[in-house]
Each structure stands twice: as structure tokens, then as C-alpha cells.
Amino acid sequence: MLKLVFSSSCRGHCLNTVAPRLRVKSDSNSLFDAVGRLTGLTRRSPTNSLSRAFFCSDSNDGSGSGSGSQPVVEVEVKGVESDSDGSDSKASSAIVPTYPRPEDYLTVLALPLPHRPLFPGFYMPIYVKDPKLLAALQESRKRQAPYAGAFLLKDEPGTESSPSSETEKSVYDIKGKELFNRLHEVGTLAQISSIQGDQVVLIGHRRLRITEMVSEDPLTVKVDHLKEKPYDKDDDVIKATSFEVISTLRDVLKTSSLWRDHVQTYSQHIGDFNFPRLADFGAAISGANKLQCQQVLEELDVHKRLQLTLELVKKEMEISKIQESIAKAIEEKISGEQRRYLLNEQLKAIKKELGLETDDKTALSAKFRERLEPNREKCPPHVLQVIEEELTKLQLLEASSSEFNVTRNYLDWLTVLPWGNYSDENFDVIQAQTILDEDHYGLADVKERILEFIAVGKLRGTSQGKIICLSGPPGVGKTSIGRSIARALNRKFFRFSVGGLSDVAEIKGHRRTYIGAMPGKMVQCLKNVGTENPLVLIDEIDKLGRGHAGDPASALLELLDPEQNANFLDHYLDVPIDLSKVLFVCTANVVDNIPNPLLDRMEVIAIAGYITDEKMHIARDYLEKTAREACGVKPEQVEVTDAALLGLIENYCREAGVRNLQKHIEKIYRKIALRLVREGSSNESVMVQPADAKAEVVDESDHHAAANKADVEVETSVQVDTVQTNDQPKDPKNAADSKELQETEATKAVEKVVVDTSNLADFVGKPVFHVERIYDQTPVGVVMGLAWTAMGGSTLYIETTQVEQGEGKGALHLTGQLGDVMKESAQIAHTLARAILLEKEPANPYFANSKLHLHVPAGATPKDGPSAGCTMITSMLSLAMKKPVRKDLAMTGEVTLTGKILPIGGVKEKTIAAKRSEVRTIIFPAANRRDYDELAPNVTEGLNVHFVDDYSQIFSLALEYDVNTMVN
């Protein structure tokens, strides 16, 4: 219940004796009743029968009265149904009466507010960092003049609102004239309630407007006190607006306890709610930004102020609704998850009591036992014992412990391995031969060894594991033959590369105590293939690394040793594994890089490479078919002639393997595919024309010629397509037949592309290699030798010439990037050539008096090895005797100081290189006869080979001939 009591005067904010209460009969009582119910939500002491708050009004209530008397407003809050009058209680207002009155202060200290303006009737704590300003405030409070002006600080032009800490920091730095310019004109007269350190608590009283600056440090300004514009309290629009504000506030107060505290505090310090104060209250407690609040503070028209406040509280209501919906959704989600969790736990407990479900550990143990059961009879006893011990240990461990996860993973690996499971092998030699021939051409040595392995297994009834090493240049099919061997033997295939491997744990596994420990590659292999007798291809074994984690080559000794791998011990499993049934196939480019202990455990099969004839078969039967299918080209659409393939092999792909040949064939077919698509699109655009078009005859040969101007030259035939004219009947049936005919002709119009030597360069570019043979007839001092490289065999020339001649100037100068071994061979050759010349021509002191220069082209290619010894001697003797060597002759062999010829390596590669250079006569060491006899007939066909064991035989073959009878 609210009552308005007026006294004749209220001087100096003093609390006077209240005159007899007069109940005002006015329509505005409904507003106060409504706000009274609003404030009734927040009564702090509902048990008190009566409490009063006195306030000396500091502004006109809008009634328009011009009397100087100030009304005393008494807010009487009744207790529970108690109408008895009691003694007046002490004033509960926190506004301390002062003298002189607040409106008497026309010069005040200016306090900047960084965040929000201060509304009358509200507390606001601020921090004053300026010592002079703080001292001035304390001095004012001591003089019983505890008032100052609180003004909102403007944002800096062109900048957005900054965080609070940065704003406060900038406020403390601004002083004087700059601070004066940054303040809003309209602010609030604030009473200094308390000062504790640098914290000052302000209470807003009334509105102020800055007129001018008095002093800069501290900032003092002159102000005018502002009052609301006169308004009609009975105006229906103002009433409706105010009641809408109250209604909205009531809805917001239901959802926010913080707002209810604001109502309680405001009613204690201000007293009753009238229209202006209602607007201030709504704006002050809203979450609007500071500019919107400043707009409400500056508005003196009560109706407009109420409208602005209504907008703010409506927006606050919407925010409260959104907040409530978010909180409700989160609460429902959390409660739903908690409910589901509780129900699941109850369900687990019920099932466990009924015996319908076991706990996690029991379920894991059952899973492991079920997995092991099919192999229990085949599983070794020591492995079964370890599994049972670990299962028992698993039941004793807590599921949350780290040891539980280690044991679970260990049991997972132990039970997943194929203990005693073997795949049924194929012992049919004929079927295996067919499978091997389907996938690879040539490679007779490898295929023969695999057939021997199958034959031994058939006779024994079982097969043992072997370790085979395939060595050869890149691209000869070492890796791909492994998969074919597995298919021929009906074994599972697993491949892993050890190139660059530097960690022993990749082979032997990690210790189980390490975080993220895993078994080695072999255990992972057995898990993947599901059998204990797979074919394991260990790729690039000659490129093993070595690092701080150990030497993998030494770790492979146990894996690839037939005597040890029957009990291979992986660090992770820590139980012996039988790998004796595994067939290991290793691949390497150069066996010299494999450590000797590891090489000793392997059976090396050398794959020398392919000659031109073999490459032709491989290209026709395998590479061309694969490339054609990959590019979507039909066999009838393209033809690659044998001459084109031969030119491709000899001028572009001379290496021992066929990988580069495969790339070039794929390149040819890609260009053919592009050509066919272009032709098809052009033909379709020519044939599809309007029905009333004039009859046209299209010469397809001209069209193709224009399209081929910048592309591949192809053989084409002339196709003439006739299009229907207006004179022909437009019968639907004839039209359909015509459409089918056009589609058929469009298909036929795509011509067959022919690739031959004339247009090969259009597909693959200019030739990469030229003829290795530099001389048709080698001049004096030049001899052709044979060399071996990782890419296959090649021919090289040894050239010797005389630099200068004089008494005692015999010397030898070497060039051509020769290695140490080759340099020593040159010195040996120089000494032996001098001895032979002295024997053949005693009167010829050529080597004693001549400085020679020996060069081995090409100079950019490093060369080393002893096999060029006999070639160097022949070159020097040819120069000394001024006689060229026999035509079409090439030689190779290491020579000693006594003239003996020692064996060399790479017989097949060197033979292929000689045949490629059209050499007819070859000289090999006698000790290499067995290597030559193993070559295929197509390799040795057309060659005249001489085997020698002493250089005198080479001298006879190369230099002792009749020049007149030499074949030209």
C-alpha cells in the first residue's frame, strides 16, 4: 500500500516530522500499486509490520506547480494484514542529508565514467587513479559537500569499443582540456557515499549539463541542473506506456533474481516510483549499451523517455527468453544424458544379477578364448601357457589401470596370429610354369628356381622356407615377379620395403612397456595374411639404413637364417614364432651393398636385364595391352608397327629394365586417345546439322588434315557423308533410319591411328640416345671396350694419343673421371705394353721417349673397375705400332703384369651391349666361358666370341692381321 504525504516544506534534505497522512485519490494510484506489487517481490523483511522511507524530492513531479515547497514522500509498506499504526521508524534512505542543498552546487568536480552513465537513485563504484582528483574528492567530503558530476566518456573517433581494462587505462591518462572534450554534456550529480582507497562509491541524484570548464587539474566544470519537462500525469498515452514498462519489467523480474535486487535497492534510496523514475529504473537495469543509456539520460521529455526505456526493456525481455530457452535446452540435454547413464548402469546391474550379462573383463576373456578355440589344437604348448597366464592376470587387474590396456593388447595380438594354419600349396609344376609365363616374359633363371622349389616340395610332401635374393637393374621385374611366384605357389603374399630403414624395432618389435608399442613387421605380416607360410617380399634390401636405433641388417640375420627363424623371437610377443615355412624373396639392385653375413644367408639370382628382342616381346604381349586398356583405346583403333617399337627401344629406352619403355608406350597411347577424342568431336559437329540445310559433301580427309596440323600424322581414308536436304520426304521412319545411319557413320569416321618410325617423334619427342658406336672403323690408338653399369651393359672407347716425344720423356697422363682401380689398371697396361713392344720390336723405343695421354669418354661419367686392362694395352700398342685394331672388335678382361687375363663380371650385359652396337667379334677371358654358355641362343646369335687366358692371344687377334684382307 503506497501513500503520498505532503508537508509544507522540506529544507536541506532534512527529515522532518511527518504531517497527518492524507490519502490522495488519484488515477496514478494504480501505477504505484502496480510498482508496489513489483517491489513486493523483493521485500527483505516481510515480518516487519511497518517500515518507512523518506525522500526529499529533488525534481518537479510534473504537476506544473510552481511553489517552492518540496513534498515529503512516505513509502509505507504494510505487513501481513496489519493496519495498526506504530511509531515512525528511522529513515531507511541511504541519501545523507547535506547543507547546502544539491541544487545549490553549480560548480562540481567532473568524474569520467568509461562504461555506463549513472542514473539517479543508483549506486556506482568507480576507481580514481588520479591522486589530485582523489584528494579533491576527499576534501569535498570533509567540507560536508560530498557532491561531484559523473559524466559518460565518449569513444575515440574511428575506434570501436575497447575492452574494459584498456578503456580504464585510457581514462586515467586523459586529463584537462582533452578530458573535457571527451565528456558527454549531460551527466548526473552524484553524492560521494564512501571512499576506500582509490574506490569511490557514488549515488546518483539529478541530471546535470556542463556549461563551461573552470579548472583543468583536477577537472572542474560549471553545470546547470536539469528538470523534466512538464507533463500531464493523467495523460492516457503516458499511462499506457508506463504500464507496458511495468508489465515488461514484471515478466523480466520473474526470470532474473538480479533485477529483483535492483528494485529493492532503488526503492530504498529513491522512495516511490513516478513516471520519470520508472523510465530511469528500466534503462539503468537493462543490458543496453552505454550510448542507448546516455540517450535515456539526456531525454527530458517524460513520454519520450518512457518510450526509449520500453524499447530497452522489451529487448531485455527477448534476451531473457533466449537465455531461458538456451538454459532449458542445455538442462534437458544434461538431464537426459544423466538419466540415460543412470538407466544404463541400473540395466547393467540388473543383467549382472540375473546372469544375463558379464562385465567388461569377463567379456574380453570370453572373446579371446573364442578366438583361440579353432587353433587350440595347433597352437604350441608354450604359447597356450602364456595366453592362460595373461587371461588370469587380466581378471585381477582394474579396468582403469594402464597395465590392463597393455595386457589386453598383448592378448589381442597373441590370439589373432594364425598358429598352425597353413595354406594348401600348389605342387603342379606345369600349372606353375603357365602362371609364371602369363605374367612375365624371360626371367628363365628365376622361373627355373621356383619350379625346382615346387618339385622338391612335391617329392618331400611338404615344403620348407627359402631365402632368395633377386638382384638386377631397376625395372627388370624383381618386385612384380614376387607376386607371380606367390600366385604360382598358391601362397598369400606380403610385401614390405626396408629401403632407408634404420630402426631395429621395425623388424623385431618394441618392448611391451613402451607407450604405443607394436610387434615387428613379420608378426604384422602373419596377422594380415592369416597363414604361417606366406611369401614375404623384402624390397630394396641393399638400401638398409643404420641409425641410433640399431642396425636393421644385423636384426635381419635372425629372420633370414633358416637355422634360426624356426624360433624367431619378437620383442613384443616374447614367445618363439616358427617362420621356417615362410618363403622369403628379397630384391636388390647391387648385391655389393648387402652386408656379407646377410648375403651369405641368401641364394642370389641375378637378373641381367633384357635385350632388344626380349623387350619387343614384353612390349607387344604385356606393356602395350596394359597401356591400351588403361587409356580406353580399342585394338582396332590403333596400330603400332614393329619398326616403331624397335626405334622406341633403341633410341629412347636403352636401359636394362622396361619401366621407362612402359612410360613411353603409355605416353603414345595417351596422345592417341586425345587424337581419337578430338576426331570424334569434330565428326559429330559436322554431321549434326539442321534438317533444312542444303546438301553438303564433307571431305573427311581435308578435315583430318586440318586437325592434324599441330598433332600426330596419321593414315586416313576419305569418308563422304551426305546430309538430308529439303527435297527429301520428312518421314519419321526415314528420319530414325537417318539418325541411326549418322551414328554408325560417326563411329566409322574415327580413323585408325598408325604409329611408325616416320611419326614416332610426334608422340615421344626427339630421340634421347644416339648410336653408341662413335667410329665405323676405329683409328690408331682407339679400342672399343665393354663395361657394366647398374642400368645394364654399355660399350666404351679407350683413346690414347701422343702428347710429345723426346729422349727420356716417357710418361702417362689419364683423364675421364677414372677411379683408383682403373688408374692402377692403366699403369699396369703401360708397363705391360712397353714390355710387349720391346719383345715384338726391340728397336722401337716409343714408350721410353713418348708422353702419352689416355682418355675414356664420356668425361662426365665416373668409371672404375679392372676389366678395361686388356683394352688399354691394346690401345697403347696400336698407337705405338701405328696400326688400327681389327674392325668390329670389342674386348674386356683384367690383365696382370705378366699378361694373364683374369675373369670379369656382367658377361650377359656386356654381350647385349656389344650386340646393340653391331659388334661381331668379342674377346672374353677364358674363365668366363661358363657364363657365356649359359646365355640364351638369341643373345649369342651372330657373334664370334674368343676366350683367352693370356694377352698374347689378344695381340694376335687384334693387331696381327693382314690389312689388305681385313673386312671393310
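Residues: numbered from 1 along the sequence shown. Everything numeric here is computed off the predicted structure, so don't read it as measured data.
- The CG atom of Leu153 sits 11.0 Å away from the CD atom of Gln294 when rounded to the nearest 0.5 Å.
- Judged purely by distance below 3.5 Å, without hydrogens or angles, the side chains of Thr241 and Gln307 never pair a donor atom with an acceptor atom.
- The shortest side-chain heavy-atom distance between Val221 and Phe151 falls under the 4.5 Å cut-off.
- Salt bridge present: Glu403 and Lys393 bring a charged side-chain N and a carboxylate O closer than 4.0 Å.
- With rounding to the nearest 0.5 Å, the separation of NZ in Lys367 from CG in Leu411 is 10.0 Å.
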Show, in sequence, the C-alpha distance, side-chain angles and deciding distance for Ser140 and Leu109, and conclude whether the side-chain contact (heavy atoms from CB on, under 4.5 Å) test is met.
CA-CA 9 Å; Ser140 299; Leu109 294 170; 4.2 Å; yes

Candidate pair Leu183 and Leu219, rule side-chain contact (heavy atoms from CB on, under 4.5 Å), full reasoning
CA-CA 11 Å; Leu183 297 178; Leu219 180 62; 3.8 Å; yes

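- More than 12 heavy atoms of other residues, nucleotides or ligands shown are found within 6.0 angstrom of CG on Leu396.
- Note that CD of Glu311 is 6.0 Å distant from CG of Leu308, once rounded to the nearest 0.5 Å.
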Arg206 vs Thr188, side-chain contact (heavy atoms from CB on, under 4.5 Å): CA-CA, chis, key distance, verdict
CA-CA 6 Å; Arg206 56 174 58 203; Thr188 309; over 6 Å; no

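- Not less than 6.0 angstrom separates the ring centroid of His303 from the ring centroid of Phe275.
- Contact detail for Phe119 and Cys293: the closest heavy-atom pair is CZ-O, 3.3 Å.
- Within the 4.5 Å cutoff, the side chain of Glu318 has no heavy atoms near those of the Lys314 side chain.
- Between Arg207 and Glu298 no salt bridge is recorded (no basic side-chain N to carboxylate O distance below 4.0 Å).
- Applying the 6.0 Å contact sphere to CD of Gln199 captures more than 12 heavy atoms from other residues, nucleotides or ligands.
- Phe404 approaches Leu364 most closely through the heavy-atom pair CZ-CD1, 3.7 Å.
- Of all heavy-atom pairs spanning Leu300 and Arg305, the tightest one is CA-NH2, 3.8 Å.
- Note: Leu189 CG to Ile203 CD1 = 11.5 Å, rounded to the nearest 0.5 Å.
- Contact detail for Leu297 and Pro120: the closest heavy-atom pair is CD1-CD, 4.4 Å.
- Closest of all the heavy-atom pairs between Pro218 and Lys132 is CG-O, 4.3 Å.
- Under the 4.5 Å side-chain criterion, counting only non-hydrogen atoms from C-beta, Leu291 is in contact with His184.
- In this structure, CG in Leu306 is found 9.0 Å from OH in Tyr231, a value given to the nearest 0.5 Å.
- Using a 4.5 Å heavy-atom threshold, the side chains of Leu134 and Val200 count as touching.
- Rounding to the nearest 0.5 Å places CG of Asn181 at 8.0 Å from NZ of Lys154.
- With hydrogens and angles ignored, the 3.5 Å screen pairs no side-chain donor or acceptor of Ser401 with any backbone N or O of Leu397.
- Leu394 places a side-chain heavy atom less than 4.5 Å from the side chain of Ser365.
- Counting non-hydrogen atoms of other residues, nucleotides and ligands closer than 6.0 Å to CD of Glu337 gives a total above 12.
- Using modelled atom types, one side-chain atom of His510 and one backbone atom of Met518 make a donor-acceptor pair closer than 3.5 Å.
- No donor-acceptor distance shorter than 3.5 angstrom exists from the side chain of Asp412 to the backbone of Arg408, with no hydrogens or angles considered.
- Heavy atoms from other residues, nucleotides or ligands lying under 6.0 Å from CD of Glu345 number more than 12.
- Taking the side chain as every heavy atom from C-beta outward, Leu111 and Ile126 approach each other to under 4.5 Å.
- Of the possible donor and acceptor atoms, one in the side chain of Glu299 sits under 3.5 Å from a partner among the backbone N and O of Asp301.
- Arg116 and Leu152 make their closest contact through C-CD1, 3.8 Å (heavy atoms, listed as atom of the first residue, atom of the second, distance).
- Ion pairing of Glu185 with Arg209 is present here, as a side-chain N (NZ or NE/NH1/NH2) and a carboxylate O approach within less than 4.0 Å.
- You'll find the side chain of Arg182 stays beyond 4.5 Å of the side chain of Pro112, heavy atoms only.
- In this structure, His225 and Leu208 have side chains that are in contact, with non-hydrogen atoms separated by less than 4.5 Å.
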Test side-chain contact (heavy atoms from CB on, under 4.5 Å) applied to Val296 and Leu312, step by step:
CA-CA 10 Å; Val296 175; Leu312 298 183; 3.9 Å; yes

